[in-house]
Amino acid sequence: MSNIVCFGEVLWDVFPDKKKIGGAPLNVALRLNTFSHNVSMVSAIGNDVLGTKLLEYIQANGVEASCIQVTNAYNTGVVQVNLNKNGSATYDIAYQVLGIK
């Protein structure tokens, strides 16, 4: 078993009909955790409802979250996902949120 630290964005992918927790570094952390590694996530979230739900999900799935900063300075990151008729996605990244300037 290894000790692994993942660093980067944790956010919400917002589809027309649902929201899904995402962010490539978080996806890696969650997957590594399924292989019984000790995984910690370093990131930041807004002090808002989406941030609270994200933090609860991360902790419930066994990833160490003590290095995730909660801040009032920005909202939790969201990405609007649009799918065309063939299912190909385009992404509209909301600015002035954590990690995006």
Side-chain angles (χ1 to χ4, degrees):
M1 184 178 337
S2 299
N3 295 316
I4 301 169
V5 176
C6 293
F7 177 84
E9 76 273 6
V10 296
L11 51 79
W12 286 87
D13 290 322
V14 181
F15 294 83
D17 59 341
K18 65 183 175 182
K19 290 183 193 130
K20 183 176 177 186
I21 290 174
L26 177 57
N27 292 339
V28 170
L30 292 166
R31 184 66 176 140
L32 288 168
N33 185 63
T34 67
F35 292 109
S36 299
H37 295 295
N38 295 317
V39 183
S40 297
M41 188 72 215
V42 177
S43 192
I45 55 174
N47 187 16
D48 51 31
V49 173
L50 291 177
T52 299
K53 289 182 180 181
L54 238 167
L55 191 57
E56 289 171 355
Y57 179 86
I58 292 166
Q59 293 169 330
N61 282 279
V63 172
E64 173 58 46
S66 63
C67 292
I68 296 178
Q69 178 185 6
V70 180
T71 180
N72 291 317
Y74 296 98
N75 293 327
T76 299
V78 294
V79 174
Q80 192 70 42
V81 181
N82 299 299
L83 302 173
N84 68 16
K85 63 181 179 178
N86 297 324
S88 294
T90 57
Y91 305 94
D92 183 18
I93 301 169
Y95 290 94
Q96 298 305 315
V97 295
L98 288 162
I100 304 169
K101 295 181 183 174

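The structure displayed is predicted, hence computed values, not measured ones. The basis for the numbers below is simple: all heavy atoms, side chains too, and nothing from hydrogens, waters or symmetry mates.
When only modelled atom types and interatomic distance are considered, S66 and E64 share a side-chain donor-acceptor pair under 3.5 Å.
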Kindly list each side-chain donor-acceptor pair under 3.5 angstrom involving residues 81-91, sequence neighbours excluded, with atom names and distances?
from	atom 1	to	atom 2	distance (Å)
N84	OD1	N86	N	2.8
N84	OD1	G87	N	3.0
N84	OD1	S88	N	3.0

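Scanning both residues, V10 and A44, for their nearest heavy atoms gives CG2-O, 4.0 Å. The two atoms that bring S40 and V63 nearest to each other are C-CG1, 4.3 Å, heavy atoms only. Here the closest heavy-atom approach between residue I21 and residue L26 is recorded as CG2-CD2, 3.5 Å. For the residue pair F15 and K20, the shortest heavy atom distance occurs at CE1-CB, 4.1 Å. Considering all non-hydrogen atoms of both residues, G8 and S43 come closest at O-OG, 2.6 Å. In terms of heavy-atom proximity, C6 sits nearest to L32 at SG-CD1, 4.2 Å.
Atoms CG and NE2, from N3 and H37 in turn, are 10.0 Å apart once rounded to the nearest 0.5 Å. Atoms CG and OG1, from D48 and T76 in turn, are 3.5 Å apart once rounded to the nearest 0.5 Å. Taking CD1 of I68 as the start and CG of L54 as the end, the distance is 7.5 Å to the nearest 0.5 Å. Once rounded to the nearest 0.5 Å, the distance linking CD of E9 with CG of N27 reads 9.0 Å. Note: F35 CZ to I4 CD1 = 10.5 Å, rounded to the nearest 0.5 Å. Within the model, atoms CD1 of I45 and NZ of K53 stand 13.0 Å from one another, a figure rounded to the nearest 0.5 Å.
Taking Ile, Leu, Val, Met, Phe, Trp and Tyr as hydrophobic and joining them when side-chain heavy atoms fall under 4.5 Å apart, one finds V49 isolated, its cluster having no other members. Under a 4.5 Å side-chain heavy-atom cut-off, the cluster of Ile, Leu, Val, Met, Phe, Trp and Tyr residues that includes F7 is completed by V5, V42.
Checking each of N72, N75, T71 against N47 for a side chain to side chain donor-acceptor pair (under 3.5 Å) leaves exactly one that passes, namely N72.
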